[in-house]
Amino acid sequence: MSTSKKSRSLLLNIRNISIEGYSDEAWHPIIKGVDLQIKRGEVLGLIGESGAGKSTLGLAAMGFVRAGCRFTGGSISFEGKDLTKLSEKEKQKLWGTKFSYVAQSAAAAFNPAHTLLNQTIESSLSHNLETKENLKKNAVKLYREMQLPNPEEIGDRYPHQVSGGQLQRTMTAMAMTSKPDLIIFDEPTTALDVTTQVNVLATIRSIVKEHQTAAIYITHDLAVVVQMADRIQVLRYGETIEVAKTNQMLKSPNQEYTKSLWAVRSIQKKPQKKEDTILKIESIDASYDSGPMVLKNIDINVPTGRTVAIVGESGSGKSTTARSITGLLPPTNGKIIFQGRKLPARLSERSKEDLRRIQMIYQSPDTSMNPRHTVRDIIGRPLKFYHGVVGNRYTEKVIELLKMIELDESFIDRLPEELSGGQKQRICIARALAAEPDLIICDEVTSALDQIVQEGILKLLLRLQKELKISYIFITHDIATVKAIADEVVVMHQGSVVEQGLKKDIFSPPHPDYTKLLLSSVPEMDPKWLTRILTQ
């Protein structure tokens with residue numbers, strides 16, 4: 001079969017597929033009679049808000065359902081075989097050879113006890129696709145294409161020794177090692193900064209084109225999906241809302257729901273300047289153990305009751321700055337002044353009152369909440385620790401905090417696994433608020449959420465700031481988020497501050513070279529954007 005003819009052939013044909021999940025002692029529909037077709041060399045974008053069924057449908061394309069789920073109807077035809085009729089053993093022969101999967105959370109997908117290189121080639125080696133030596137060479141080549149640092153050596157590291165963005169790129173290389181017929185990309189660039197994302201998207205697109213590999217690209221980032229997908233399929237509540245070629249859907253979506261997706265992220269906070277300063281970071285340096293400096297002469301001012309966004313690519317020092325502020329990574333030089341008083345450098349040397357006044361909300365609520373604790377316990381812990389609240393008042397305060405984050409008391413005895421991604425992040429916000437802090441550090445708190453949920457979280461944070469006069473440090477690589485929430489912006493690169501100022505000044509030319517690169521790397525709702533950026 002010629003390449004051109006092969007590229008036009010139908011690879012996967014899902015017809016009227018239905019999937020149920022078991023909870024509360026009953027089976028509930030998740031996917032409700034969905035069709036999906038994909039040709040060789042084609043990229044299909046799957047979009048929709050949290051809970052739409054995107055990941056469940058993506059996994060079903062490989063004939064896989066999670067524990068507690070089952071196929072209840074329809075067919076999944078791949079190379080003449082119905083995957084729903086195959087045994088687990090037969091399907092396992094396809095997983096890792098014909099099909100590959102790139103998950104959203106790389107941190108949860110890697111084994112902490114094995115090196116990156118061994119895990120990258122493990123599946124291909126177990127299927128005897130090539131010799132171990134050839135697989136290692138191919139892995140290094142993919143590391144290089146993924147713009148990973150020191151590609152010849154990074155494979156010898158363990159997962160905890162690389163950044164989240166580097167781990168995500170390694171997982172993408174792992175999926176590509178076997179040169180599969182179909183790759184499921186489930187939010188593969190969510191954890192990546194915009195400059196890194198450009199390179200990863202370009203690599204994914206080129207490999208799909210070069211090897212005529214088909215791909216299902218699941219994402220909540222509409223600007224990304226229009227760069228990657230030939231067609232887009234919109235899901236909601238387990239049903240298909242509409243399917244169309246990317247250009248057609250971008251210009252004139254048929255359904256009102258799709259139009260609402262295209263219209264999200266309309267928040268544009270007007271920056272407000274304030275002279276009062278709640279936090280001053282003065283000339284701090286920091287390093288891990290006796291290693292090289294990761295923060296170099298950092299100066300940042302945070303106005304009282306305002307939001308300072310810290311932006312920059314992976315490894316720029318954004319999260320490390322947060323660790324220094326909280327005392328988790330004591331600065332080796334400089335000082336941190338909070339509300340006019342110099343803070344002890346180490347967390348262990350700070351008073352309970354110091355700890356209460358500065359709270360942090362993390363990127364992944366899944367790893368920052370105890371899965372065995374109920375919402376009552378998660379939100380209530382700071383109430384007990386900082387304020388000594390017990391008894392009936394304890395429950396009353398938890399319910400008050402739930403209402404503050406726009407959830408009702410029916411959530412109070414739920415476990416984290418019973419919450420959506422957006423609900424989990426709201427609970428983390430409520431936990432921070434329970435301490436009654438003056439400053440909250442938000443570390444990529446919306447990056448893993450779909451755009452509709454992101455908008456809700458950002459509006460919530462803005463409302464809470466207005467009502468409670470809280471100051472925020474908002475760490476993000478998403479420029480749209482910065483425009484929505486920030487008053488001032490700090491641009492960081494390689495452990496240094498490139499510039500700081502009011503949002504309108506930072507986003508207005510002329511820009512320093514790095515800021516210019518950062519802003520030019522933000523995906524646009526234009527299918528030709530990625531091609532244009534790569535040819536500049």
Side-chain angles (χ1 to χ4, degrees), residues 3-4 7-8 37-48 54 102 145-147 169 172 176 183 185-190 192-234 242-255 258-266 268 311 313 447 450-451 454 477-484 507-509 511 513-536:
T3 303
S4 60
S7 67
R8 292 194 300 269
Q37 289 78 41
I38 189 164
K39 297 177 181 179
R40 292 185 183 276
E42 180 184 35
V43 179
L44 175 70
L46 273 185
I47 65 171
K54 304 185 298 295
V102 179
E145 291 177 353
M146 288 291 166
Q147 303 291 314
R169 282 178 276 171
T172 303
M176 293 176 171
I183 303 177
F185 292 103
D186 195 349
E187 303 276 13
T189 61
T190 292
L192 304 182
D193 57 78
V194 289
T195 53
T196 304
Q197 178 175 254
V198 169
N199 295 320
V200 174
L201 291 175
T203 303
I204 291 172
R205 200 165 73 171
S206 67
I207 287 180
V208 167
K209 183 178 180 180
E210 180 183 347
H211 298 286
Q212 287 299 302
T213 302
I216 295 176
Y217 199 100
I218 300 166
T219 183
H220 61 252
D221 192 328
L222 304 177
V224 167
V225 80
V226 300
Q227 311 306 319
M228 304 303 294
D230 301 294
R231 290 183 300 123
I232 295 175
Q233 185 160 341
V234 183
E242 66 176 305
V243 187
K245 289 183 177 180
T246 300
N247 279 332
Q248 178 185 335
M249 190 171 288
L250 188 60
K251 291 176 181 176
S252 55
N254 290 324
Q255 302 300 316
T258 308
K259 293 175 184 177
S260 74
L261 288 178
W262 258 229
V264 298
R265 299 298 292 278
S266 56
Q268 290 284 332
V311 299
E313 62 189 339
S447 66
D450 66 70
Q451 295 201 359
Q454 279 186 36
H477 60 255
D478 184 356
I479 302 300
T481 297
V482 176
K483 292 178 179 177
F507 289 159
S508 300
H511 305 291
D513 289 344
Y514 178 70
T515 305
K516 184 177 180 180
L517 172 64
L518 201 64
L519 295 175
S520 69
S521 300
V522 179
E524 299 173 4
M525 294 290 280
D526 174 2
K528 297 179 181 179
W529 170 83
L530 182 58
T531 301
R532 188 171 67 248
I533 288 296
L534 294 173
T535 54
Q536 284 180 354

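Heavy-atom basis, side chains included; hydrogens, waters and symmetry copies ignored. The structure presented is a predicted model; accordingly, all values stated were derived computationally and were not measured. Note that the numbering runs from 1 along the sequence shown for the chain.
Although no hydrogens or angles enter the test, the distance criterion places no donor-acceptor pair under 3.5 Å between the side chain of Q255 and the main chain of E242. Without hydrogens or angle criteria, D230 side chain to E42 main chain gives no donor-acceptor distance under 3.5 Å. Side-chain atoms of T515 never come within 3.5 Å of backbone atoms of H511 as a donor-acceptor pair (strictly under, hydrogens ignored). Put simply, the side chain of R205 gets close to the backbone of Q227: a donor and an acceptor are under 3.5 Å apart. The backbone N or O of V226 sits nowhere less than 3.5 Å from a side-chain atom of T246 that would complete a donor-acceptor pair.
Side-chain contact between T172 and F185: present, with at least one pair of heavy atoms (C-beta onward) separated by less than 4.5 Å. L519 places a side-chain heavy atom less than 4.5 Å from the side chain of F507. Within the 4.5 Å cutoff, the side chain of V102 has no heavy atoms near those of the Y217 side chain. With contacts defined as side-chain heavy-atom distances shorter than 4.5 Å, the pair M249/V234 qualifies. In this structure, L530 and P523 have side chains that are not in contact, with every pair of non-hydrogen atoms separated by 4.5 Å or more. Side-chain contact between L261 and I47 is present, with heavy atoms from C-beta onward closer than 4.5 Å. The shortest side-chain heavy-atom distance between I204 and M228 falls under the 4.5 Å cut-off.
Note that the CG atom of N254 and the NZ atom of K259 stand 7.5 Å from one another [nearest 0.5 Å]. Expressed to the nearest 0.5 Å, how far CZ of R231 lies from CG of L44 amounts to 5.0 Å. Taking OG1 of T213 as the reference point, atom CZ of R40 lies at 9.5 Å (rounded to 0.5 Å). In this structure, I232 CD1 and L222 CG are separated by 7.5 Å, a value rounded to the nearest 0.5 Å. Here CD of E187 is found 4.5 Å from OG1 of T219. Values are rounded to the nearest 0.5 Å.
Nearest heavy-atom pair, T258 versus P253, reported as atom, atom and distance to 0.1 Å: CG2-CB, 3.5 Å. Annotation for A215 and I38: closest pair O-CD1, 3.1 Å, computed over non-hydrogen atoms.
In summary, the side chains of R532 and S520 do not present any donor paired with an acceptor at a separation below 3.5 Å, with no hydrogens or angles considered.
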